[in-house]
K.L.:
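Structure in structure tokens, see below.
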Amino acid sequence: MNNRDLTASKVPAVTLGFWIIKILATTLGETGGDTVTMTWMNFDYLTGTAIFLPILAVLVGWQIAAKKFHPFLYWATIVASTTVGTMLADFADRSLGIGYSGGSALLLFLVLASLAAWYWSEGTVSVDTVSKPRVEVFYWATITFSQTLGTALGDWTADTSGLGYLGGATLFLGALIIVAAAYYLTRISRVGLFWAAFILTRPLGATVGDFLDKPLDHGGLDLSRPVASAVLAVFIIACVLLIPQRPGMHPAANRL
């Protein structure tokens with residue numbers, strides 16, 4: 001296959017570096033979202049969402065308007081989506097009173113509905129095809145729903161199930177290892193495994209983020225949320241600068 005048979009997507013190639021930055025970004029989304037809604041706004045999840053949702057919309061619009069993959073723009077949009085996801089999940093779980101189980105079930109439905117609509121429209125849900133505006137809308141909608149689901153699922157695992165933050169993080173890390181093993185040892189759909197891993201990184205980041213900033217009597221380290229968020233942001237910037245960033249190059253006719 002020569003270069004004429006390939007097309008560049010507007011999202012990064014899925015490498016080990018991609019997953020490292022993704023987990024850091026989801027952890028930042030948790031601590032950053034908690035900083036805004038809990039530390040600065042006294043648990044006002046709706047106002048926090050109202051502030052950050054337009055920021056996410058602007059970044060998604062910028063990402064769609066871009067002609068090619070831009071690493072910092074892409075990862076800024078990911079961080080914005082996971083921060084909004086934290087706020088939306090907390091609003092649904094706590095302010096609306098549907099609880100972690102109800103929030104997780106609702107958000108799982110939204111993720112599956114988004115993927116189904118994407119597949120119905122394009123015949124695939126592969127990130128290899130994210131190069132057209134319509135596909136990008138499906139991509140970012142699915143990502144935002146999955147980030148929100150991950151927050152609710154992480155909270156449910158840590159609190160409702162009684163595993164705690166470290167127990168929850170261990171559970172999701174183990175699940176990711178199983179997905180990685182399935183990638184290398186089986187013929188299970190690579191697209192399905194990607195989305196499974198993508199969704200699982202969010203509750204992993206949520207439980208790690210909660211472990212960092214929640215009070216000691218709740219099983220956390222009680223670190224300053226703003227400081228933890230700033231440190232994570234610096235790590236992400238360093239990773240984007242130091243880890244090679246390139247767009248995915250894939251067969252133009254790739255299908256699930």
K.L.:
I'd like to know if the side chain of R202 pairs up with that of T27 as donor and acceptor (distance under 3.5 Å, no hydrogens or angles considered).
P.N.:
no

K.L.:
Would you say V84 ends up clustered with I55 if hydrophobic residues are merged whenever their side chains have heavy atoms under 4.5 Å apart, either directly or through other cluster members?
P.N.:
yes

K.L.:
With rounding to the nearest 0.5 Å, note down the distance linking OH in Y183 to CG in L193.
P.N.:
9.0 Å

K.L.:
When rounded to the nearest 0.5 angstrom, what is the spacing between CD1 in I243 and CG in L16?
P.N.:
7.5 Å

K.L.:
For a 4.5 angstrom cut-off between non-hydrogen side-chain atoms, does M87 reach L53?
P.N.:
no

K.L.:
Can you give me the closest heavy-atom contact between G168 and L163, atom names plus distance?
P.N.:
N-CB, 4.0 Å

K.L.:
Quick one: OG on S126 to CZ on R190, what's the gap to the nearest 0.5 Å?
P.N.:
12.5 Å

K.L.:
Please tell me whether W62 and Y74 form a close aromatic pair, meaning their ring centres lie under 6.0 Å apart.
P.N.:
no

K.L.:
Assess whether side chain to side chain contact (heavy atoms under 4.5 Å, CB included) is satisfied between T144 and L56, documenting all intermediate values.
P.N.:
CA-CA 9 Å; T144 301; L56 173 61; 3.9 Å; yes

K.L.:
Is any side-chain heavy atom of F194 less than 4.5 Å from a side-chain heavy atom of S189?
P.N.:
no

K.L.:
How many angstroms lie between CG in L46 and CG in L88, if you round to the nearest 0.5 Å?
P.N.:
9.5 Å

K.L.:
In the structure I gave you, are the side-chain heavy atoms of C239 and L24 within less than 4.5 Å of one another anywhere?
P.N.:
yes

K.L.:
Can you confirm whether I236 sits close enough to L28 that some side-chain heavy atom of one is under 4.5 Å from a side-chain heavy atom of the other?
P.N.:
yes

K.L.:
Is S81 reaching over with its side chain to a backbone N or O of I78, donor-acceptor style, under 3.5 angstrom?
P.N.:
yes

K.L.:
Quick one: list whatever passes salt bridge (charged side-chain N to carboxylate O under 4.0 Å, His left out) with K22, sequence neighbours left out.
P.N.:
none

K.L.:
If you apply the rule side chain to side chain contact (heavy atoms under 4.5 Å, CB included), what do you find for T142 with W195, and how did you get there?
P.N.:
CA-CA 10 Å; T142 303; W195 283 111; 3.8 Å; yes

K.L.:
Listing request: all salt bridge (Lys or Arg N to Asp or Glu O under 4.0 Å) pairs with a residue in residues 137-163, at least two apart in sequence or in separate chains.
P.N.:
R94-D155

K.L.:
Kindly give the heavy-atom pair with the smallest separation between T151 and A206, and that separation in Å.
P.N.:
CA-CB, 4.3 Å

K.L.:
Sub-3.5 Å donor-acceptor pair from the side chain of S121 to the main-chain atoms of A117, do we have one?
P.N.:
no

K.L.:
So, using side chain to side chain donor-acceptor pair (under 3.5 Å) as the criterion, who are the partners of T31 when residues are at least two apart?
P.N.:
S229

K.L.:
Applying side chain to side chain contact (heavy atoms under 4.5 Å, CB included), run through Q245 and V240 and close with a yes or a no.
P.N.:
CA-CA 7 Å; Q245 300 286 306; V240 174; 4.3 Å; yes

K.L.:
Where do D34 and T39 land on the side chain to side chain contact (heavy atoms under 4.5 Å, CB included) test, with the steps shown first?
P.N.:
CA-CA 7 Å; D34 287 350; T39 302; 6.0 Å; no

K.L.:
Side-chain contact test, heavy atoms from C-beta onward, threshold under 4.5 Å: evaluate it for T26 versus L204 and give yes or no.
P.N.:
no

K.L.:
Where is the tightest heavy-atom contact between A182 and I188, given as atom of each residue plus distance?
P.N.:
CB-CD1, 4.2 Å

K.L.:
Determine yes or no for a side-chain-to-main-chain donor-acceptor pair under 3.5 angstrom, with T86 supplying the side chain and G29 the backbone.
P.N.:
yes

K.L.:
Within a strict 4.5 Å, meaning less than it, do heavy atoms of the W19 and V14 side chains meet?
P.N.:
yes

K.L.:
For the residue pair W140 and F145, establish whether any side-chain heavy-atom pair is separated by less than 4.5 Å.
P.N.:
no

K.L.:
Measure from the side-chain N and O atoms of Q63 to the backbone N and O of K10, and report whether any donor-acceptor pair falls under 3.5 Å.
P.N.:
yes

K.L.:
Rounded to the nearest 0.5 Å, what separation is found between the OG1 atom of T77 and the CD1 atom of I143?
P.N.:
9.0 Å

K.L.:
Do V127 and L73 share a hydrophobic cluster (ILVMFWY, side-chain heavy atoms under 4.5 Å, transitive)?
P.N.:
yes

K.L.:
When W156 is tested against each of S161, S101, S104 for side chain to side chain donor-acceptor pair (under 3.5 Å), which residue passes?
P.N.:
S101

K.L.:
Taking all non-hydrogen atoms of both residues, which atom of F18 and which atom of A13 are closest, and how far apart?
P.N.:
CB-O, 3.7 Å

K.L.:
To check you understand the geometry: which heavy-atom pair defines the closest contact between G219 and F211, and what is its length?
P.N.:
O-CD1, 3.4 Å

K.L.:
Should W120 and L110 be counted in the same cluster of Ile, Leu, Val, Met, Phe, Trp and Tyr side chains packed under 4.5 Å apart?
P.N.:
no

K.L.:
Are W75 and V60 in one and the same hydrophobic cluster, where Ile, Leu, Val, Met, Phe, Trp and Tyr link if side-chain heavy atoms are under 4.5 Å apart?
P.N.:
yes

K.L.:
Would you check if the side chain of T160 reaches a backbone N or O of T157 as a donor-acceptor pair within less than 3.5 Å?
P.N.:
no

K.L.:
Would you compute the distance between atom CG of L200 and atom CG of L153 and round it to the nearest 0.5 angstrom?
P.N.:
8.0 Å

K.L.:
Side chains of I51 and V36: does their closest heavy-atom pair fall under 4.5 Å?
P.N.:
no

K.L.:
Indicate if I64 and V58 have the same hydrophobic cluster label, given that clusters are the connected sets of ILVMFWY residues with side-chain heavy-atom separations under 4.5 angstrom.
P.N.:
no

K.L.:
How far apart are the closest heavy atoms of H218 and Y165, and which atoms are they?
P.N.:
O-CE1, 3.1 Å

K.L.:
Taking the six-membered ring for Trp, are W118 and F138 parallel (under 30°), tilted (30 to 60°) or perpendicular (over 60°)?
P.N.:
parallel

